[in-house]
Enquirer: 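Got a structure here, written out as structure tokens. Questions coming.
Whatever order the structure lists them in is the order used to number ligands and atoms, beginning at 1. Residue numbers count from 1 along this sequence. Below, each value reflects all heavy atoms present in this structure, side chains not excepted, and no hydrogens, waters or symmetry copies.
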Amino acid sequence: MHTAEQLTLARLPSGVRVQTTIHRYGTGDGPTLYIQAAQHGREINGAELLRRLHGRLTDSTHPELTGTVLAVPVADPLTFDRSSYTTPEPIDSAAPNMNRCWPGDPEGSIHERMAARLWAEIEEADAIVDLHTGSPDMLTHTVYLRGDADSRRLAEAFGTDLLLAEAAGDEADAEWDTRDFDGKLRVAATREGIPSITPELGSNKQLGEAAISTGLDGLLGVCRQLGLLDGEPEPWDGTRARNHLGRVRAADSGLFVVDEDVEVGMAVAAGDTFGTVYEPTTYEVLQTPTADREGVVYSVARESTVTAGQTLVGIAERL
Ligand SMILES: [Zn+2]
């Protein structure tokens, strides 16, 4: 069974309503899985992925779900319409990034109200998949809260080769507080006892077939793990690593030439080099960026004009 409902998430200063659509599939008897995409509006692979899932779940030749899937393909229409990550200042100066204000506040800023309206649908869920994409420079991976076994199992069922365990609160580094990571949907929901994962599928602004099909397989694996579909998810044998730890940063501003053999997904040892940062007018070499630890390369800056302090290479340290 499938139904679709329009939700009013908030009202803009002009009186215009911010609306989106929530799809419901299944019988109601059994677990509930909530999936959303595009709360960062330029991260569109998840929206297309949910359209493919819709095709599958409404195709009568496939077995009916045991339970319910709720799907919101465009969680933040305000950033979707701008192909942006955050909203401009006049729309929400208090919380321009929707993924920093969960579980929201019905009397708060526009994003806080939008989150609160969606949270009302989420509260009864048994599991959450919040679909995101990284940059073109980033390896597809799935993030879960470190130490939460149910979320880890969900991530394994989703099945990307790389899983990143993100430390939270007191366990985390200073970045946690300064970047309001507490307000991520995944973190807020996991803390409410709802296992949650954030797949980062391919790159933003472009629909990438590999990322979309990885995501569809992932969602079907999650459905099997939860018992919404018969069968078991594929056994997972990828790499589990820590999030936000290994960052090789630019020591100075300039142009970053990446060595030809460097690519996301590769294993590195401490001391391995990635290329050269140089001064573009004099050609003076400013830095030979070097791995500070052993691990897996999960991001490489491919936009070559870099500024001091910027992350050049992200290295996930195996757990
Ligand atoms: Zn995102």
Enquirer: With Arg51, which residues qualify under side-chain hydrogen bond (donor to acceptor under 3.5 Å, both in side chains), at least two apart?
Expert: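 In terms of side-chain hydrogen bond (donor to acceptor under 3.5 Å, both in side chains), with neighbours along the sequence ignored, Arg51 is linked to Glu48.
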
Enquirer: Relative to each other, are the rings of Tyr278 and Tyr283 parallel, tilted or perpendicular (30° and 60° limits)?
Expert: tilted

Enquirer: Assess the side chains of Gln287 and Asp252: does a donor N or O sit below 3.5 Å from an acceptor N or O?
Expert: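 Distance-only check fails for Gln287 and Asp252.
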
Enquirer: Measure distances from the Zn ion (ligand 1) and count the protein N, O or S atoms below 2.8 Å.
Expert: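 Protein heteroatoms (N, O, S) closer than 2.8 Å to the Zn ion (ligand 1) number 4.
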
Enquirer: Mind telling me whether His132 and His40 have parallel, tilted or perpendicular rings, with 30° and 60° as the class edges?
Expert: perpendicular

Enquirer: Output all residues satisfying side-chain hydrogen bond (donor to acceptor under 3.5 Å, both in side chains) with His141, sequence neighbours left out; order by chain, then residue number.
Expert: none

Enquirer: Can you list, pair by pair, the side-chain donor-acceptor contacts under 3.5 Å of residues 228-239, counting residues two or more places apart and other chains?
Expert:
residue	atom	partner	partner atom	Å
Trp236	NE1	Thr160	O	2.8

